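Worksheet: one structure, shown below.
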Protein chains: 2
Amino acid sequence: MHRPRKEMIAETRAKLITAARNAFGTIGYAEASMDDFTASAGLTRGALYHHFGDKKGLLQAVIAEIDGEMAVRINEIASKAPTRWQHFVDECTTYIEMALEPEIQRIMFRDGPAVLGDPAQWPNANACVGSMTDHLTSLQQEGVVVPGVDPETAARLINGASSQAAQRIANSNDPEATSKTVVAAFKQLLEGLLKKQGPQSV
Amino acid sequence: MHRPRKEMIAETRAKLITAARNAFGTIGYAEASMDDFTASAGLTRGALYHHFGDKKGLLQAVIAEIDGEMAVRINEIASKAPTRWQHFVDECTTYIEMALEPEIQRIMFRDGPAVLGDPAQWPNANACVGSMTDHLTSLQQEGVVVPGVDPETAARLINGASSQAAQRIANSNDPEATSKTVVAAFKQLLEGLLKKQGPQSV
DNA sequence: CAATTGGCATACGATGCGTATGTGAATAGG
DNA sequence: CCTATTCACATACGCATCGTATGCCAATTG
């Protein structure tokens, strides 16, 4: 019987990540007491330090998990759109939709950068940008996107605009209406990447 | 002699703000000990609590000061460009340049949002966005910018892209070269706001 | 079955925070 | 000019949280 041991360990890690994710996503990283949320998982800080080194290490694990989930959702969008460009646009709007969740805003956009620094430097947490970069690269090779721009750079800039878009919608009095306005402006900005004439010809 | 009293008070406030700004901008908000940086200003936490209520209140004051300085620099750029659109673009690139400073990245883009929430909701700290919004509104009325988009929304999205642009340049191995690439991509995105044909006719 | 690993808890010291309270100097009123 | 009061700021205390050092028990290994 080799499994129970390994299973229990994995379960402990998962419980810690889940408990921390709940705490970080609601009251925030700084306000989350390690004693409190480890206790809510039926554990102590001893387990936390053993598995993740410190509070920042646990945050990294939480972020890696969320990033993975976001990447899955981004990739699920695939191939429903009539053109590759439209597909890319859909990907972006999906990203904005995900970014509407308070947990994602708090952990990925606010506390994460404050504690771990520039998100672009995070290990194991750039799946979404990677996906967008790939698509931009393809679109550029196909002649849909203007040749001058660096795909990864563009993906990063779009990411920044996306997160602002999501925050604006989420903090609005009328999210439904604001969403229309914001997404329209966002798509307009994306138009800047298109070659003049014939975006829908590919 | 009514002055010395008021002057001393103002000086105390200024010293606290300056000391906090240095601490927040270098080691970061969370790591900055109130005992330490008040002492470095020749004061104690008593003065801090008296004037600013708590650590967050002091951060708000620091942010208001930085925002004011950024707005001044943005407005100084005025009227050097041949067209109003070019003027707006220059404003954006100036914003990116300012955002290259580690102190601004740390306080305005990372710690600030984590501690005080969405920057769009900050009181007394939206001068830059306000300025950009005004220019976009004018440009739209003049027919340079496409009519559909909401100016403030667009300004916010551009702001998000700008901060990403700055972070990418600042964290690059070769900031000079990266700056060219990033600014080029950024300007390309801005093109999306222009009406087709004749951007330089106004 | 004995030895050892390691997953996790407990205990301790240190640090930083918020509040309550104290103090001395500057102002205002008579 | 003298007294009372305000108020800017310091000091003192208790509490929460963190990191580390240590201990224990179950599970694996040979």
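Letters A, B, ... are given to chains in the order of the sequence lines, protein chains preceding strands, and every chain is numbered from 1. All figures in this text were calculated on a predicted structure; none of them were measured in a lab.
- Nearest to the side-chain atoms of A:Arg45 among the listed nucleotides D:dT17, D:dA12, C:dA11 stands C:dA11.
- Between the NZ atom of A:Lys56 and the C1' atom of D:dC18 there is a distance of 14 Å, rounded to whole Å.
- If you check every strand for non-hydrogen atoms under 4.0 Å, A:Ala30 touches nothing.
- Whole-Å rounding puts the A:Lys55 NZ to C:dT15 C1' distance at 15 Å.
- For the pair A:Arg13/A:Phe52, a side-chain contact is recorded, criterion being any heavy-atom separation below 4.5 Å from C-beta on.
- Salt bridge annotation for A:Glu101-A:Arg73: present, with a cationic side-chain nitrogen under 4.0 angstrom from a carboxylate oxygen.
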With salt bridge (charged side-chain N to carboxylate O under 4.0 Å, His left out) as the test, would you mind laying out the steps for A:Lys56 and B:Glu31 before giving the verdict? CA-CA 13 Å; A:Lys56 289 167 75 166; B:Glu31 302 304 316; over 6 Å; no

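- OP1 or OP2 of C:dG7 lies within a sub-4.0 Å distance of a side-chain N or O belonging to A:His50.
- Residue A:Met8 contributes atom CE, which lies 14 Å from atom C1' of C:dG6 at whole-angstrom precision.
- When distances run from any side-chain atom of A:Thr44 to the nucleotides C:dA9, C:dC12, D:dT17, the shortest one goes to C:dA9.
- In this structure, of D:dA12, C:dA9, D:dA8, it is D:dA8 that holds the atom nearest to the side chain of B:Ile9.
- Across A:Val149, A:Thr153, A:Val145, a single residue satisfies side-chain contact (heavy atoms from CB on, under 4.5 Å) together with A:Leu136, and that is A:Val145.
- A straight line from CG of A:Leu48 to P of C:dG7 spans 14 Å, rounded to a whole angstrom.
- Spacing between atom CG of A:Asp35 and atom P of D:dA16 amounts to 11 Å, rounded to whole angstrom units.
- For the atom pair CG of B:Leu189 and CD of A:Glu191, the computed distance is 11.5 Å after rounding to the nearest 0.5 Å.
- Within the 4.0 Å cut-off from OP1 or OP2 of D:dC9, at least one side-chain nitrogen or oxygen of B:Thr12 is found.
- Atoms CZ (A:Phe52) and P (D:dC18) sit 16 Å apart, rounded to a whole Å.
- Position along DNA chain D of the nearest nucleotide to A:Glu31 versus B:Gly46 favours B:Gly46 as the more 5'-ward residue.
- Of the listed nucleotides (C:dC8, C:dA11, D:dA8), D:dA8 has the atom at the smallest distance from the side chain of B:His51.
- In this structure, A:Glu11 places its CD atom 14 Å from C1' of C:dG7, rounding to the nearest Å.
- In this structure, B:Leu58 places its CG atom 11 Å from P of C:dC17, rounding to the nearest Å.
- At the heavy-atom level, A:Ser33 lies under 4.0 Å from the strands shown only through sugar-phosphate atoms.
- The nucleotide whose nearest atom lies closest to any side-chain atom of A:Leu43 is, among C:dA9, C:dG16, C:dA11, C:dA9.
- The residue B:Ala39 sits apart from the nucleic acid: no heavy atom pair falls under 4.0 Å.
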